[in-house]
Amino acid sequence: MHAIPATWAFRIPAAVILLAFSCYLQTGNSRVLAEETKPVFRAGAATSNITPPLGELIVGGWQPIPATNIHDELHARCLVLDDGNVKLAIVLCDNVGIPREVFDLAKQKIEAATGIPASHLLLAATHTHSATTARGPLKTLAETDFTDYQRFLAHRISDGVRRALAQLEPARIGWGKIDEPSEVFNRRWFVTDTSLLANPFGGIDRVRMNPPRGSSRLDRPAGPVDPEISFVSVQSLEGRPIALLANYSLHYVGGVRSGDVSADYFGYFAKFIGDKLGATDQSPPFVGILSNGTSGDVNNINFREQSPRKYERYEKMQEVAEKVASRVFEAHQQLTFHDWVPLAAQHMDLTLKTRQPTPAMVDHFAKITASSESNSSRRRSREEIYAERIGKIQQAPEEVSIPLQVIGIGDLGISAIPFETFAETGLELKDRSPFKDTFTIELANGSYGYLPTPEQHRLGGYETWLGTSYVEENASRKIVESLLEMFRSLQQDNGRK
Ligand SMILES: [Zn+2]
């Protein structure tokens with residue numbers, strides 16, 4: 001574990017010297033000098049189109065399918081903040097999960113073009129299930145080894161940040177939160193019928209992901225939800241909205257036509273919040289952004305009840321986006337804006353052990369592979385999909401280095417985790433964070449599968465299966481402790497300032 005120190009180290013002496021200098025010159029034109037050197041808070045935002053060509057493979061369901069239509073364009077939504085000393089960028093991409101290598105390529109480009117260090121760039125995927133894949137076989141980190149779409153994506157993210165940077169203007173910033181419990185449901189359930197609990201490893205789990213809706217066989221959910229919508233809003237000194245970044249712990253909504261590319265409810269939120277803030281037809285355009293919180297085990301299905309009615313395609317996601325945007329708008333009315341707040345960021349790499357299949361698992365899947373080879377044209381079974389994944393895992397390294405990051409915006413802390421993170425992990429971070437307000441952006445700076453807690457691993461279920469989750473069962477604990485340590489370090493630097 002190695003934490004890269006934030007650029008505070010450069011800032012503190014400069015600020016102290018400046019203060020000492022202005023105290024020393026308490027006569028004549030010293031006040032003018034103090035006025036001139038007061039740091040100015042600035043913000044800028046831009047969207048970069050990352051829509052893939054038709055024919056690329058949509059991933060998010062059990063089997064990839066080619067994109068045959070673009071329902072709505074995909075974007076990298078970019079926000080750049082600058083406190084006069086430290087610049088940082090947050091970018092949300094309409095994608096199900098983007099590998100670290102692609103984000104790192106984007107960061108290299110951004111750092112080379114703008115000087116903003118990679119540690120201060122938080123790049124994440126929204127987790128729309130109707131975007132095409134940004135994964136691909138990467139043999140080396142040479143740019144030529146990336147797929148066309150990966151290169152395009154990295155380039156467009158970089159362009160978006162550069163354009164947001166070009167829009168920087170003096171700004172005010174505020175943040176708030178409000179609950180919306182009605183659209184989040186834990187999707188892992190204890191059920192009374194063991195036939196619902198069989199796993200592809202030939203065993204029986206204790207909980208079931210996405211059990212039958214409205215069934216009498218449902219007992220209780222296996223975990224909590226986080227109903228909080230957090231948001232950060234920036235506006236010009238005249239009050240013109242520049243951007244609003246929200247965060248809600250909901251997997252996605254769905255309800256798309258097969259073969260359609262769509263940003264899901266994340267895209268609709270971006271539009272609706274702009275409409276509510278009266279930020280239509282602005283120049284530069286307002287940028288709405290919805291990031292994914294900790295929703296690895298949380299979706300939009302109310303399992304207790306039968307579906308009330310049949311929704312048209314894209315109807316439900318608009319309904320949810322409208323509700324989330326309305327709640328944010330409501331809380332936005334009471335928001336206190338600050339003329340200046342300190343910014344800080346820290347990044348570290350954490351080494352985690354990867355899980356390896358047991359000899360019994362290898363045996364089980366060898367039999368499945370042997371009996372399925374003659375029948376390759378039909379749709380593959382769950383067992384066959386996991387047989388292939390387990391085969392690949394056996395070739396994978398025993399350790400993986402994953403990126404962790406924290407951002408401080410005044411007394412708001414943002415943590416970034418490169419996994420589909422469970423709600424209880426996000427709640428724990430909110431609870432234990434030394435910052436007054438905290439939220440987590442998942443699938444940030446990489447994409448390494450699900451991150452169940454050790455307790456959830458013991459219950460089994462889809463998210464815990466090897467091939468869905470890849471790292472040691474204790475990983476969520478190590479990640480939480482590392483992020484809290486980084487938060488404390490940011491705050492100490494803040495206090496010294
Ligand atoms: Zn998902």
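In listed order, ligands and their atoms are each counted from 1.
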Under the side chain to side chain contact (heavy atoms under 4.5 Å, CB included) test, which residues partner [X], sequence neighbours left out?
| X | result |
| --- | --- |
| Asp275 | Lys271, Phe272, Thr280 |
| Ser158 | Lys109, Ile110, Arg162 |
| Pro212 | Leu196, Ser215, Arg217 |

(request) Using a cut-off of 2.8 Å, count how many protein N, O or S atoms are strictly closer to the Zn ion (ligand 1). (result) 3
(message) Just to verify, which of Asn199, Thr464, Thr194 counts as forming a side-chain hydrogen bond (donor to acceptor under 3.5 Å, both in side chains) with Asp205?
(response)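 Of Asn199, Thr464, Thr194, side-chain hydrogen bond (donor to acceptor under 3.5 Å, both in side chains) with Asp205 is met by Asn199 alone.
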(request) Decide whether Ser326 and Glu322 meet the rule of one side-chain donor and one side-chain acceptor closer than 3.5 Å. (result) yes
(request) Going by the salt bridge (charged side-chain N to carboxylate O under 4.0 Å, His left out) test, name the single residue among Glu472, Glu428, Glu424, Glu455 that passes it with Arg477. (result)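 Running salt bridge (charged side-chain N to carboxylate O under 4.0 Å, His left out) over Glu472, Glu428, Glu424, Glu455 with Arg477 returns exactly one hit, Glu455.
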